*Asks:* 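Starting off with a structure, shown below.
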Amino acid sequence: MRYLAAVAETGRLVTAARMLGVDHTTVSRRLRALEKSLGTRLLGRGYDGWVLTEDGLSVVEHARAVQEAVEKAADAIGGRAENDITGTVRVTAADGFGTRFVTPAITRVRSRYPGITVELLTGASRLNLRQTNFDIAVTIGPVPATPLYTESLCSYDSALFASREYLALHGSPASVEELARHPLIFFIDALQQVRELDLETYVSDPVVGFTSNNIFALLEATRRGGGIALISKFMAMTAPDLCRVDIGIPPARVEVTLAVRKEAESRGAVQAVRRALHHEVSARAEELVWDA
């Protein structure tokens with residue numbers, strides 16, 4: 001049961017083996033034995049590692065109870081303090097927000113609780129509510145109806161930006177009509193998950209000169225004079241050579257939601273990371289919105 005809990009937590013045999021102090025073949029062998037004894041499959045291959053089956057989901061909480069009991073027994077023998085929280089927490093977030101806000105929060109958690117290991121997965125992929133290989137998901141935009149525990153984390157603003165060099169060469173548009181004559185930089189439309197960030201809010205038929213699914217690529221293209229981009233305030237602040245382009249439209253505000261798998265919600269390590277994320281965005285509100 002401890003082996004099942006470890007693989008459910010990490011999504012990978014090798015990582016689970018490292019946590020348990022054994023090799024991955026031992027983990028695989030123990031899991032096969034557990035599945036045989038229960039007469040059902042507990043794990044299946046997912047897009048990014050191993051995920052729990054329906055039967056696995058019903059068993060894993062019992063497995064985690066066993067794991068926690070073993071850890072508490074070890075703590076009692078070792079005289080570990082009650083507030084010395086341990087465990088692995090896997091967090092998913094968008095590239096930019098994950099780098100600028102989640103990473104500092106994780107650093108703070110690790111400083112206070114050295115026994116916590118945090119794995120951060122970043123990218124532009126859609127949140128898969130059936131996946132079980134994450135504990136906390138920091139999602140941009142509204143979250144559909146879900147069995148996950150969700151709460152508001154923060155909001156952030158986005159506006160139009162261009163490099164000083166670009167504006168010197170091509171002029172700064174002062175209206176929507178003038179903006180339509182400039183090449184725009186934006187996320188690949190098919191991969192864009194946040195409808196609040198929609199170029200058609202500004203231009204009915206936008207001419208997009210450069211697209212990417214990576215905010216850092218979009219930021220660099222803007223810095224290099226590739227056009228005008230819709231960029232979040234917290235990312236634009238990392239590039240002081242960018243200027244905000246004001247065409248008389250208010251910033252686009254986006255909600256950020258924190259989602260936690262319910263079976264992971266009560267774990268001390270997960271709660272420590274959750275608290276750190278709230279502290280990070282609260283302490284740096286002026287980087288997120290213009291009227292903080």
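If you're wondering where the values come from, they're calculated on a predicted model, not measured in any experiment. Heavy-atom basis, side chains included; hydrogens, waters and symmetry copies ignored.
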*Asks:* Measuring from atom CG of Leu288 to atom CD of Glu280, what distance do you get when rounded to the nearest 0.5 angstrom?
*Replies:*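 One finds 9.5 Å between CG of Leu288 and CD of Glu280.
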
*Asks:* Nearest 0.5 Å please: distance from the CG atom of Leu148 over to the CG atom of Leu258.
*Replies:*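 Leu148 atom CG to Leu258 atom CG measures 10.5 Å (nearest 0.5 Å).
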
*Asks:* Side chains of Pro183 and Tyr166: does their closest heavy-atom pair fall under 4.5 Å?
*Replies:* yes

*Asks:* Could you tell me the separation between the CG atom of Leu4 and the CG atom of Leu42, rounded to the nearest 0.5 Å?
*Replies:*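 So the CG of Leu4 and the CG of Leu42 are separated by 5.5 Å.
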
*Asks:* Compute the centroid of each ring, for Phe210 and then for Phe186, and state whether the two points are separated by less than 6.0 Å.
*Replies:* no

*Asks:* How long is the gap from CG on Asp95 to CG on Asn213, to the nearest 0.5 Å?
*Replies:* 7.5 Å

*Asks:* Is any side-chain heavy atom of Val7 less than 4.5 Å from a side-chain heavy atom of Val27?
*Replies:* yes

*Asks:* What is the minimum heavy-atom distance between Ala272 and Tyr113, and which atoms define it?
*Replies:*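 Nearest pair, atom of Ala272 first, then Tyr113: CB-CE1, 3.9 Å.
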
*Asks:* Apply side-chain contact (heavy atoms from CB on, under 4.5 Å) to Leu179 and Leu160, showing your working.
*Replies:* CA-CA 10 Å; Leu179 178 66; Leu160 297 169; 3.7 Å; yes

*Asks:* side-chain contact (heavy atoms from CB on, under 4.5 Å), that's the test. Do Ser152 and Thr257 meet it? Break it down for me.
*Replies:* CA-CA 5 Å; Ser152 175; Thr257 301; 5.9 Å; no

*Asks:* Search all heavy atoms of Ala264 against all heavy atoms of Asp135 and return the closest pair with its distance.
*Replies:* CB-OD1, 3.6 Å

*Asks:* If you count heavy atoms of other groups shown closer than 6.0 angstrom to CZ of Arg267, is the number above 12?
*Replies:*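 More than 12 within 6.0 Å, yes.
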
*Asks:* Do Val281 and Phe97 come close enough that some side-chain heavy atom pair is under 4.5 Å?
*Replies:*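 Result yes, sub-4.5 Å side-chain heavy-atom pair found.
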
*Asks:* Report whether Leu219 and Met237 are members of the same hydrophobic cluster (ILVMFWY, side-chain heavy atoms less than 4.5 Å apart, transitive linking).
*Replies:* no

*Asks:* Take a 6.0 Å sphere around NE2 of His278 and say whether it holds more than 12 heavy atoms from other residues, nucleotides or ligands.
*Replies:*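 Counting other residues, nucleotides and ligands, NE2 of His278 exceeds 12 neighbours.
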
*Asks:* Using a strict 4.0 Å threshold on nitrogen-to-oxygen distance, state whether Glu220 and Arg224 make a salt bridge.
*Replies:*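 Yes.
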
*Asks:* Look at the rings of Trp290 and Phe161 and say which category their plane angle falls in: under 30° parallel, 30 to 60° tilted, over 60° perpendicular.
*Replies:* parallel

*Asks:* Does Arg284 count as lying over the ring of Phe101, i.e. NZ or CZ under 6.0 Å from the six-ring centre, within 45 degrees of the axis?
*Replies:*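 The answer is yes, since Arg284 meets both limits relative to Phe101.
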
*Asks:* Heavy atoms only: give me the nearest Glu35-Leu43 pair and the separation to one decimal.
*Replies:*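 It is OE2-N, 3.3 Å.
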
*Asks:* Quick one, Leu230 and Leu218 - any side-chain contact, counting heavy atoms below 4.5 Å?
*Replies:* no

*Asks:* Any idea which heavy atoms bring Ala239 and Arg223 closest together, and the distance?
*Replies:* CB-CD, 3.7 Å

*Asks:* Can you measure from CE (Met235) to CZ (Phe216) and round to the nearest 0.5 angstrom?
*Replies:* 4.0 Å

*Asks:* For a 4.5 angstrom cut-off between non-hydrogen side-chain atoms, does Thr238 reach Arg100?
*Replies:*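 They are in side-chain contact.
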
*Asks:* Would you mind checking if Glu265 and Lys262 are paired as a salt bridge, meaning a charged N to carboxylate O distance below 4.0 Å?
*Replies:*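 Salt bridge flag = no for Glu265 with Lys262.
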
*Asks:* For residues Val270 and Val89, report the shortest heavy-atom separation together with the two atoms involved.
*Replies:*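 Answer, listing the atom of Val270 first, then Val89: N-CG2, 3.8 Å.
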
*Asks:* Quick one: do the Ser28 and Arg32 side chains pair a donor with an acceptor below 3.5 Å?
*Replies:* yes

*Asks:* Does Glu178 have more than 12 heavy atoms from other residues, nucleotides or ligands lying within 6.0 Å of its CD?
*Replies:*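 Yes.
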
*Asks:* Is a salt bridge present between Asp157 and Arg253, judged by a nitrogen-to-oxygen distance below 4.0 Å?
*Replies:*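 Salt bridge: yes.
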
*Asks:* Can you find a pair of side-chain heavy atoms, one from Phe134 and one from Leu121, that are under 4.5 Å apart?
*Replies:* no

*Asks:* Between Arg164 and Asp241 (salt bridge meaning N to carboxylate O under 4.0 Å), is one present in this structure?
*Replies:*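 Looking at Asp241 together with Arg164, the answer is no, because their closest N to O distance does not fall below 4.0 Å.
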
*Asks:* Minimum heavy-atom separation for Ala236 and Ile231, please, with both atom names.
*Replies:*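 Between these two residues, the closest heavy atoms are N-CG2, 3.8 Å.
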
*Asks:* Is it true that Glu287 and Lys233 make a salt bridge, defined as a side-chain N closer than 4.0 Å to a carboxylate O?
*Replies:* no

*Asks:* At what distance, to the nearest 0.5 angstrom, does CD of Glu165 lie from NE2 of His170?
*Replies:*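 One finds 8.5 Å between CD of Glu165 and NE2 of His170.
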
*Asks:* With no hydrogens and no angle check, do the side chains of Asp23 and Thr26 hold a donor and an acceptor under 3.5 Å apart?
*Replies:*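 Yes, because at least one side-chain N or O of Asp23 sits under 3.5 Å from a partner of the opposite role on Thr26.
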
*Asks:* Would you say that Val138 contacts Leu277 through its side chain, given a criterion of any heavy-atom pair below 4.5 Å between the two side chains?
*Replies:*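 When only atoms from C-beta onward are counted, Leu277 and Val138 do touch, with a gap below 4.5 Å.
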
*Asks:* Do Leu153 and Glu255 come close enough that some side-chain heavy atom pair is under 4.5 Å?
*Replies:*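 No, too far: nothing below the 4.5 Å cut-off.
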
*Asks:* List the steps, then state whether side-chain contact (heavy atoms from CB on, under 4.5 Å) holds for Ser158 with Tyr156.
*Replies:* CA-CA 7 Å; Ser158 294; Tyr156 71 81; 3.6 Å; yes

*Asks:* Take Leu120 and Ile106, measure what side-chain contact (heavy atoms from CB on, under 4.5 Å) needs, and give me the verdict at the end.
*Replies:* CA-CA 9 Å; Leu120 174 61; Ile106 288 172; 4.1 Å; yes

